[in-house]
Amino acid sequence: MKHVTEYSKQELNDMLKELTIQFQEAKKLNLKLNMARGKPSADQLDMNMGLLEFPKGFMLEDGTDARNYGVLEGIPECRRLFGQLLGLDPDLIIIGGNSSLNLMFDTISFHCLFGTEGEKPWSFYGYEGSPVKFLCPVPGYDRHFQICGELGIQMIPVPLLEDGPDMEMVETMVREDASIKGIWCVPLHSNPQGVCYSDRVVDRLASMETAAPDFRIFWDNAYGVHHIYEEVPLKNILEACEAGGHPNRTYYFFSTSKITFPGAGVSLIASGPDNMKELKGHLSSQTIGHDKLNQLRHVQYFKTPENIRAHMKALAKVLRPKFDMVLKRLEEELEGSGLAVWSHPKGGYFISLDTLEGCAKRTVELAKEAGVTLTGAGATYPYKKDPKDRNIRIAPTYPTPEELKAAMDIFILCVKIAGIESVVNQGN
Ligand code: PMP
């Protein structure tokens with residue numbers, strides 16, 4: 001398609017008529033396709049079935065019986081495996097339960113309830129009428145925003161640029177406003193655009209001056225080993241924070257949700273020594289220990305970080321054709337049309353697409369009418385408010401290749417209809 005501005009109004013109206021006929025035809029197919037959530041496909045899950053043969057044996061290397069209570073921080077062999085994989089000190093890792101999101105929620109809750117560094121608990125500020133604030137690079141992950149919403153933390157959107165958040169803006173705001181207590185970061189293959197943070201951004205985050213002594217970075221490295229097209233390195237934020245004189249600034253999160261089985265994997269949190277001590281104190285009132293048999297299962301199945309990387313390469317082989325297909329269809333149908341721009345991720349789980357201003361909601365609604373469920377427009381912004389109503393998150397991993405092809409055909413049709421309608425209406 002030529003650029004939308006190169007068509008006359010008559011031509012656009014004719015196109016719209018033609019596209020509407022195609023849309024009505026598509027509706028008759030009664031399809032039920034889903035590109036909404038970043039879930040692995042059954043094919044990917046099948047590649048993990050070996051995990052269920054473990055654990056074989058239950059005695060830990062230090063003689064502890066994994067079937068029984070205890071070991072709050074997680075079994076040493078599991079902390080070592082993930083420590084090696086991510087370049088983290090095993091002594092500064094706690095292995096959690098089946099969800100890193102759970103650890104994020106709990107960690108922030110602890111700050112809301114108990115506070116840290118001798119500062120007031122974060123929820124106090126809310127009772128006094130001026131809630132604490134988090135910086136939220138946008139577009140971002142909706143469940144991070146949901147945590148803030150639930151805990152009464154005010155969200156300030158910050159643009160996510162090509163190599164991380166707009167650091168000029170971040171540095172100025174955290175230097176001047178002591179009520180800004182945190183920032184969300186998905187530093188590799190971010191959800192939804194696939195942004196990877198540069199070393200320079202990591203260093204600036206680690207060393208910036210903050211008005212709040214209890215300012216924290218919530219470093220959600222959910223896609224830390226999830227390379228699809230290219231292996232992207234990531235500077236170690238905990239080391240950078242230590243070097244910058246702020247050893248307790250960052251909480252680092254990771255999980256095997258998209259390595260093994262989502263909802264049945266293991267998660268981890270890592271941070272500086274004081275934070276870990278504090279966290280263990282709070283956690284010990286919450287649980288006697290997480291599921292050691294599951295930790296052991298993961299250790300016995302993978303054995304080494306190299307095996308995890310090899311497993312991710314095998315998963316990437318399943319994912320690549322799906323990403324290829326989405327990108328190819330977008331390129332064939334929308335490149336140069338002026339109706340949309342989209343990301344070209346090197347890994348992760350999503351492709352992010354921006355429609356013309358004011359067209360994302362309409363596009364998602366149209367797609368739904370034709371049987372294709374997408375992540376709700378606005379979900380990638382705090383309070384579900386995309387100020388320009390442009391961003392749509394495409395999750396290509398779950399459908400089969402055939403379903404994905406059918407879903408993309410409809411999606412593209414909807415992007416075109418919504419975009420052309422808006423151009424035609426503007427001309428009125
Ligand atoms: N963080 C990000 C950025 C994610 O995309 C997801 C999964 N969609 C999660 C966390 C959830 O992780 P978990 O299953 O470990 O709770």
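What you are looking at is a predicted structure, and each value in this text was computed from that prediction instead of being measured. Order of appearance sets the numbers: ligands from 1, and atoms from 1 within every ligand.
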Looking only at distances, can you tell me whether any N or O atom of M104, backbone or side chain, sits closer than 3.5 Å to an N or O atom of ligand 1? no

Under 4.0 Å from any heavy atom of S255, which atoms of ligand 1 are there? 13 (P), 15 (O)

Kindly identify the option in F105, Y223, F261, W184 whose heavy atom sits closest to atom 5 (O) of ligand 1. Y223

Under the 6.0 Å and 45° cation-pi test, does K385 pair with Y381? no

Using non-hydrogen atoms of the residue, decide whether K258 is closer than 4.0 angstrom to ligand 1. yes

Which atoms of ligand 1 are found less than 4.0 Å from any heavy atom of S257? 13 (P), 14 (O), 15 (O)

Counting only heavy atoms from other residues, nucleotides and ligands, does the tally under 6.0 Å from CD of E242 exceed 12? no

If we number the atoms of ligand 1 from 1 as shown, the ones under 4.0 Å from a heavy atom of S99 are 15 (O), 16 (O)

Under 4.0 Å from any heavy atom of D220, which atoms of ligand 1 are there? 1 (N), 2 (C), 3 (C), 10 (C)

Under 4.0 Å, heavy atoms only, figure out whether ligand 1 is touched by the backbone of S100, its side chain, both or neither. both

Would one find more than 12 heavy atoms of other residues, nucleotides or ligands at under 6.0 Å from atom OH of Y398? no

Atom indices of ligand 1 within 4.0 angstrom of A222 heavy atoms, with elements: 1 (N), 2 (C), 3 (C)

For ligand 1, the portion of N191 having any non-hydrogen atom under 4.0 Å away: side chain

Under the side-chain hydrogen bond (donor to acceptor under 3.5 Å, both in side chains) rule, collect the residues that match up with D203, sequence neighbours excluded. K235

Which value, rounded to the nearest 0.5 Å, describes the distance between I147 atom CD1 and I153 atom CD1? 9.0 Å

Taking the six-membered ring for Trp, are F218 and Y252 closer than 6.0 Å centroid to centroid? no

Separation of C359 SG from K416 NZ (nearest 0.5 Å): 14.5 Å

